[in-house]
Amino acid sequence: MLRIAFLGSDPIALPALEWLQGDGAGVGRVGAVFTQPDRPAGRGQKARPNAIKAWAESRGIPVLQPERITAETNAALSALAPDLSLVMAYGHILKDDFIAIPRLGTVNLHASLLPKYRGASPIPTAIAAGETVTGVTLMRIVRELDAGPAADEQRVDIDSLDTAGEVEGRLASACVPLLARALPRLAAGELRFQAQDASRATFCRRLTKADGAIDFRDRANVLAARINGLYPWPGGGVLLGGVQLKFGLARADREVERVVPTRFSAGDVAPRGGGNALHLATTPGQILEAGGEALRVGTGHGVLEILRLQRPGGRMLPAREFLRGFPIPAGAVLPSSPMPELVAVRPFKH
């Protein structure tokens, strides 16, 4: 049975930890947890333990919370004599001497199908990029960003109406069958790690509030994927009449083939139906319909249907319910803002 040191700070790792302490206990047990120091949270901004620390303490598992990895941290890990360090969403850069301490090395659960989406935000970025499948990859940690050799992966489908929060939940669960396959083989010396194809690598970065900008001059399907991928954080949206609106779910109207950039008469309602060849004249960002199950907005190509909205201090609501309390007239134009790039072929500079 493997003695495991777990390093992580995000709830996405909880299903894997539960499995290791339950059905997977014959394969490996968590002997200690390394996680980020308590951070201020909530309205009172009081320092609170993260979900990983709370999980470990409730089970009597030792918790270490170094502010950074130092010689003292190395000594603490060495004293545990772990067979393996297992990492998922830890938040610290690990150095070679720390990585090499466990007998079987240090492996990482990365929430993408490597070599795509190396970096800090693989789940929202994959959805925002329009991917239809993602997954979790088990890899060895090296000093280069998410570039270590990979041994196995567990795939997860992405539906067109999936948000990042929903996909994250499925990826968390996907860690369990991945570890159930891989850890016994690793313990037996039978798990093979293969180098990634660096020519296929793409990179993502830590998201900021600025990434929530929406440019209605882009295609409707691109905007829908971005809105869904960026929910719940940072959330795509616009500033309308001094009120910051947040979008929680969107889709592209497949009945509309394209949008001709021209003016749209206030009070008009966009035609529905008509098959795949329906053309619609509008200005990108112009409201075409604001009374049904969706707020329908013209874009540079196609119609965007915004299905859920939220205003400051309010709840995320279905469009019909939201618009009863916050009417937006047909013909109004939502402002467009340039959208920062989320994916690159080289690591982003900090």
Side-chain angles (χ1 to χ4, degrees), residues 10-12 42-43 111 121-132 134 156-172 204 206-216 218-254 270 284-299 302-330 332-337 339-340 342:
D10 192 276
I12 193 173
R43 291 186 177 181
S121 59
I123 301 171
T125 302
I127 300 169
E131 299 286 356
T132 59
T134 185
V156 168
D157 290 334
I158 301 174
D159 183 76
S160 62
L161 291 180
D162 279 338
T163 66
E166 293 161 338
V167 173
E168 180 174 314
R170 297 207 294 273
L171 287 168
C204 54
R206 192 173 301 279
L207 300 176
T208 70
K209 287 185 178 180
D211 293 314
I214 298 296
D215 190 343
F216 293 100
D218 214 323
R219 302 171 64 93
N221 62 330
V222 170
L223 298 176
R226 190 174 181 106
I227 289 168
N228 297 344
L230 298 186
Y231 185 79
W233 171 259
V238 299
L239 186 66
L240 181 64
V243 178
Q244 183 64 47
L245 302 183
K246 185 176 181 179
F247 305 150
L249 188 67
R251 69 187 176 202
D253 186 344
R254 300 183 184 278
Q286 199 144 31
I287 304 300
L288 310 177
E289 186 177 349
E293 67 171 355
L295 181 68
R296 304 183 74 237
V297 186
T299 73
V303 171
L304 178 69
E305 296 189 329
I306 302 171
L307 302 172
R308 296 177 192 159
L309 301 95
Q310 181 181 15
R311 57 180 171 178
R315 296 182 294 113
M316 183 64 68
L317 297 172
R320 188 188 299 275
E321 185 177 347
F322 178 87
L323 293 168
R324 282 200 295 264
F326 193 96
I328 303 174
V333 178
L334 300 180
S336 289
S337 299
M339 300 186 299
L342 302 180

Taking C-beta and beyond as the side chain, do [X] and [Y] meet within less than 4.5 Å on heavy atoms?
| X | Y | result |
| --- | --- | --- |
| R226 | L342 | yes |
| R308 | F322 | no |
| L171 | I123 | yes |
| V297 | V303 | no |
| R296 | D253 | yes |
| M316 | R311 | no |

> Stepwise, does the side-chain contact (heavy atoms from CB on, under 4.5 Å) test hold for L309 with K246?
Replying inline: CA-CA 6 Å; L309 301 95; K246 185 176 181 179; over 6 Å; no
> Quick one: salt bridge (Lys or Arg N to Asp or Glu O under 4.0 Å) pairs with a partner in residues 156-168, sequence neighbours left out?
Replying inline: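 Found D162-R170.
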To check you understand the geometry: which heavy-atom pair defines the closest contact between [X] and [Y], and what is its length?
| X | Y | value |
| --- | --- | --- |
| T134 | A111 | OG1-O, 4.1 Å |
| A224 | A252 | CB-N, 3.9 Å |
| L304 | A220 | CD1-O, 3.7 Å |
| C204 | P122 | SG-N, 3.5 Å |
| G229 | A164 | O-CB, 3.1 Å |
| Q310 | G314 | NE2-O, 2.7 Å |

So, the side chain of [X] versus the backbone of [Y]: is there a donor-acceptor pair under 3.5 Å, distance only?
| X | Y | value |
| --- | --- | --- |
| S121 | P124 | no |
| N228 | A250 | yes |
| D218 | D215 | no |
| S337 | A213 | no |

> ring pair (Phe, Tyr, Trp, His ring centres under 6.0 Å) with F247: which residues, sequence neighbours excluded?
Replying inline: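 Per chain and number, F247 pairs via ring pair (Phe, Tyr, Trp, His ring centres under 6.0 Å) with no residue.
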> Salt-bridged, E293 to R251, with N to O below 4.0 Å?
Replying inline: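 Looking at R251 together with E293, the answer is yes, because their closest N to O distance falls below 4.0 Å.
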Quick one: pull up [atom1] in [X] and [atom2] in [Y] and give me the separation to the nearest 0.5 Å.
| X | Y | atom1 | atom2 | value |
| --- | --- | --- | --- | --- |
| W233 | T163 | CH2 | OG1 | 15.5 Å |
| L245 | I214 | CG | CD1 | 11.5 Å |
| L334 | L295 | CG | CG | 6.5 Å |
| I306 | L249 | CD1 | CG | 10.5 Å |
| I227 | I127 | CD1 | CD1 | 13.0 Å |

>> Can you list everything that forms a salt bridge (Lys or Arg N to Asp or Glu O under 4.0 Å) with D10? Sequence neighbours excluded, please.
In response: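 So D10 forms no salt bridge (Lys or Arg N to Asp or Glu O under 4.0 Å) with any residue.
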> Which is it for L323 and L317 under the side-chain contact (heavy atoms from CB on, under 4.5 Å) test, yes or no, and what are the steps along the way?
Replying inline: CA-CA 9 Å; L323 293 168; L317 297 172; over 6 Å; no
>> If you apply the rule side-chain contact (heavy atoms from CB on, under 4.5 Å), what do you find for V238 with F216, and how did you get there?
In response: CA-CA 10 Å; V238 299; F216 293 100; 3.7 Å; yes
